[in-house]
Amino acid sequence: MDLAPPRGTQDLLPPLGGRMRALYDRAAELARRYGYRYVETPGFEHTELFSATSGRTSDIVTKEMYTFEDRGGRRLTLRPEGTAPVVRAYLQRMHDLPSPFKAYSLTRMYRYGRPQSGRYREHRQFGIEVVGAGEPGADVEAIVVGDALLRSLGLERYEIQVNSIGDEVCRPAYREELLAFLRANRDRMGDEHRDRFEDNPLRVLDCKDDACRALAAEAPRITERLCAPCREHFEAVLAGLEEEGLKAVVTPTLVRGLDYYTRTAFEFVSHALASRTQAQATLFGGGRYDGLAEALGGPHVPGVGFGMGLERVLLAVEDEGLVPPEEPGLVAFVVGLGEAGRAKSRDLLRLLRAGGVPADAAFGERPLKAQLRMADRAGARYAAIVGEEEAASGTVALRRLADGVQETVPEATVVDRLRAGDA
RNA sequence: GUGGCCGUAGCUCAAUCGGUUAGAGCACCAGGUUGUGGUCCUGGGGGUUGGGGGUUCAAGUCCCCUCGGUCACCCCA
């Protein structure tokens with residue numbers, strides 16, 4: 001039996017598990033503060049949900065989906081992205097939900113591909129969606145929430161890139177213009193890229209190949225060909241970001257891999273990650289998807305949101321030399337010695353826990369030394385020792401493990417002292 | 001999905017030209033110390049050298065396949 005987890009997945013054991021948990025908590029707290037409510041959608045969906053919305057030429061659909069047939073013959077796919085499921089759920093229940101519907105989620109995504117630093121087959125995302133809001137203020141808020149989370153972790157070395165990729169009115173014309181430009185310059189592209197642009201010309205814009213970049217620099221710019229409503233929307237988003245004090249870099253080559261995106265597209269790119277590995281530097285990306293609801297057969301419902309890769313956020317925290325978030329640890333490890341001491345230690349353990357003080361103890365009878373070692377390993381701040389002497393005198397020996405300072409206190413005061421954190 | 005590099009103890013690594021019983025540090029466990037952890041001393045457990053096949057008198061070492069890791073590409077989180 002191979003004990004290693006499947007390729008591209010990982011076990012989050014301490015201390016990684018505590019960091020992820022702390023990150024979840026912080027993201028949830030922040031999202032709630034901005035008026036978002038927690039949602040979950042199934043871990044798998046009908047394959048059609050993704051194939052119909054992500055676009056037939058997208059990488060997700062063509063090579064990254066974990067698709068299987070269940071025993072009833074249904075075609076199902078492990079969720080590769082979070083927006084389409086939330087919008088599906090919204091459309092089914094929209095009459096019961098507020099408008100706009102502001103949702104946040106913390107969940108795992110699955111994409112097949114070669115794993116590498118900051119990229120896994122199973123990864124975790126913090127996502128928010130504002131469904132039913134077409135106003136530029138919604139785009140701005142999404143960016144503000146993501147930025148606030150990164151900043152609360154101490155991250156600074158990243159850049160906010162924004163673009164508008166137009167809508168169903170102006171994008172088709174731009175697409176044709178770009179296509180014509182690319183065809184005219186076909187011989188200047190690398191062999192591998194030459195045949196790809198016919199399917200999705202916008203992709204050439206964010207290709208990293210030198211030849212493509214040179215072409216992209218000369219290519220017609222979408223930002224100069226937006227229809228009036230799209231241009232007004234984009235300008236309002238930029239003004240809103242400025243009002244929020246956020247520096248955003250307009251990046252005309254920023255496009256989105258999924259078909260349903262319209263207008264605003266944004267990405268937060270880490271300089272720290274790029275400097276270490278040249279690898280995946282996008283901390284999170286998102287945008288507006290006014291065409292998604294209709295692609296699902298629903299009415300016109302605008303929306304905007306993002307997905308943030310949490311493993312990548314933790315990598316960036318590490319690379320900027322910051323202290324990662326931590327799950328709060330044990331405050332007290334209760335040590336019991338002898339018949340009477342162990343009986344009293346069990347009472348103390350119950351009282352501490354009931355009083356909201358994170359506390360633990362050994363299950364069976366063990367020597368003092370072993371119990372203190374357990375306390376140390378568990379990361380407890382204090383050992384609360386109840387031996388025969390303490391049991392007889394109604395006291396507890398409180399030992400601060402960091403420096404070994406120990407003091408004998410009345411047992412009735414222990415819970416309050418540890419709860420106050422100043423024992 | 002394509003390509004490069006790499007797989008030796010839980011971790012980081014060593015092992016001469018292919019040569020005898022694969023070693024060390026850290027970690028872990030026990031004892032030194034029957035009421036004091038984290039320090040120190042002593043001892044101990046721990047390996048199908050990722051897996052399979054091949055070449056050879058002999059393979060951790062060379063060859064092939066496979067699995068995994070890593071990096072780049074594609075693309076994304």
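In what follows, chains are A, B, ... by sequence order, proteins preceding strands, each numbered from 1.
- Candidate nucleotides B/rG35, B/rG69, B/rA77 were compared by shortest atom distance to the side chain of A/His123, and B/rA77 ranks first.
- In this structure, CZ of A/Arg342 is placed 14 Å from P of B/rG35, rounded to the nearest angstrom.
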- Just the dot-bracket of RNA chain B, please: which string comes out with Watson-Crick or G-U pairs under 3.5 Å, [ ] for crossing, | for another strand? (((((((..((((.....[...)))).(((((.......))))).....(((((..]....))))))))))))....

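- To the nearest angstrom, P of B/rG38 lies 10 Å from CZ of A/Arg399.
- A salt bridge does not link A/Glu320 to A/Arg157: none of the charged side-chain nitrogens sits closer than 4.0 Å to a carboxylate oxygen.
- Ring-plane geometry between A/Phe44 and A/Phe68 is classed as perpendicular, the angle between the planes exceeding 60 degrees on a 0 to 90 degree scale with a lower cut at 30.
- Side chains of A/Arg19 and A/Val317 form no contact here, defined as non-hydrogen atoms less than 4.5 Å apart.
- The CG-P distance, from A/Leu315 to B/rC71, rounds to 9 Å in whole Å.
- Phosphate contact (OP1/OP2 of B/rC75, side-chain N/O of A/Arg111, threshold under 4.0 Å): absent.
- The interatomic distance linking A/Lys369 (NZ) with B/rG31 (P) rounds to 7 Å, in whole Å.
- Here, B/rC6 and B/rA15 have their P atoms 15 Å apart, quoted to the whole Å.
- Here, B/rA14 and B/rA9 have their C1' atoms 13 Å apart, quoted to the whole Å.
- Within the 4.0 angstrom heavy-atom criterion, no nucleotide atom of any strand lies near A/Glu81.
- Rounded to the nearest 0.5 angstrom, A/Tyr24 OH and A/Phe126 CZ are separated by 12.0 Å.
- Between the side chains of A/Thr9 and A/Glu122, no donor N or O sits under 3.5 Å from an acceptor N or O.
- Nucleotides B/rG4 and B/rC40, compared at atom C1', are 48 Å apart to the nearest Å.
- The side chain of A/Ser117 sits closest to B/rC71 out of B/rG69, B/rG37, B/rC71.
- The residues A/Arg74 and A/Glu69 are annotated as not salt-bridged, no charged nitrogen and carboxylate oxygen being separated by less than 4.0 angstrom.
- Comparing A/Gly8 and A/Gly285, the nucleotide of RNA chain B nearest to each residue sits closer to the 5' end for A/Gly8.
- Considering only heavy atoms from C-beta on, A/Tyr289 comes within 4.5 Å of A/Glu129 through its side chain.
- In the interface, the side chain of A/Asp376 is paired with the base of B/rG37 through a donor and an acceptor atom under 3.5 Å apart.
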Pairs: protein N or O with nucleotides 4-12 of chain B N or O, under 3.5 Å:
none

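- Spacing of C1' atoms, B/rG52 relative to B/rC67, comes out at 10 Å, to the nearest Å.
- By the 6.0 Å and 45° rule, A/Arg263 does not stack over the aromatic ring of A/Phe234.
- Nucleotides B/rG38 and B/rC26 place their C1' atoms 16 Å apart, quoted to the nearest Å.
- Residue A/Arg373 has a polar side-chain atom (N or O) positioned under 4.0 Å from OP1 or OP2 of B/rA30.
- Residue A/Leu368 places its side chain closer to B/rU36 than to any other of B/rG1, B/rU36, B/rG69.
- As judged by a 4.0 angstrom heavy-atom cut-off over every strand, A/Gly307 is placed among residues touching the sugar-phosphate backbone only.
- Between the side chain of A/Gln371 and the base of B/rU36, no donor-acceptor pair of N or O atoms lies under 3.5 Å.
- A/Gly379 comes within 4.0 angstrom of nothing in the nucleic acid, heavy atoms only.
- OP1 or OP2 of B/rC29 lies within a sub-4.0 Å distance of a side-chain N or O belonging to A/Arg377.
- As rounded to the nearest Å, B/rC76 and B/rG18 have P atoms that lie 48 Å from one another.
- When the shell of 6.0 Å around CD of A/Glu294 is examined, it contains more than 12 heavy atoms from other residues, nucleotides or ligands.
- The pair A/Asp376-A/Arg373 does not count as a salt bridge, with every side-chain nitrogen at least 4.0 angstrom from each carboxylate oxygen.
- Look at A/Lys344 and A/Glu390 and you find no salt bridge, because none of the NZ, NE, NH1 or NH2 atoms lies under 4.0 Å from a carboxylate O.
- Residues A/Glu407 and A/Arg417 are paired through a salt bridge, judged by an N-O separation under 4.0 Å between the basic side chain and the carboxylate.
- Distance A/Leu202 CG to B/rC76 C1': 16 Å, rounded to the nearest Å.
- When heavy atoms are screened at a 4.0 angstrom cut-off, A/Ala383 is found touching no nucleic acid atom at all.
- Atom-to-atom, CG of A/Leu283 to P of B/rA77 comes out at 12 Å; the value is rounded to the nearest Å.
- Picking from B/rC74, B/rC71, B/rG37 the nucleotide with the shortest atom distance to the side chain of A/Arg119 gives B/rC74.
- Taking atom P on both B/rG31 and B/rU36, the two are 14 Å apart, rounded to the nearest angstrom.
- Using P as the reference atom, B/rU61 and B/rU21 are 16 Å apart when rounded to the nearest Å.
- Within 6.0 Å of the CD atom in A/Glu326, the count of heavy atoms belonging to other residues, nucleotides or ligands exceeds 12.
- Residue contacts shown for A/Glu311 are absent, as no nucleic acid heavy atom lies under 4.0 Å away.
- Each of B/rA77, B/rG35, B/rC75 was ranked by its minimum atom distance to the side chain of A/Glu64; first place goes to B/rC75.
- Comparing A/Val405 and A/Tyr112, the nucleotide of RNA chain B nearest to each residue sits closer to the 5' end for A/Tyr112.
- In this structure, CD of A/Glu267 is placed 11 Å from C1' of B/rC75, rounded to the nearest angstrom.
- Applying the 4.0 Å criterion to OP1 and OP2 of B/rC76, one finds that A/Thr282 has every side-chain N and O outside that range.
- Closest contact between the side chain of A/Ile385 and the listed nucleotides B/rC75, B/rU36, B/rG37 involves B/rU36.
- Side-chain atoms of A/Glu390 lie closest to B/rG35 of the nucleotides B/rC71, B/rG37, B/rG35.
- Residue A/Leu254 contributes atom CG, which lies 11 Å from atom P of B/rA77 at whole-angstrom precision.
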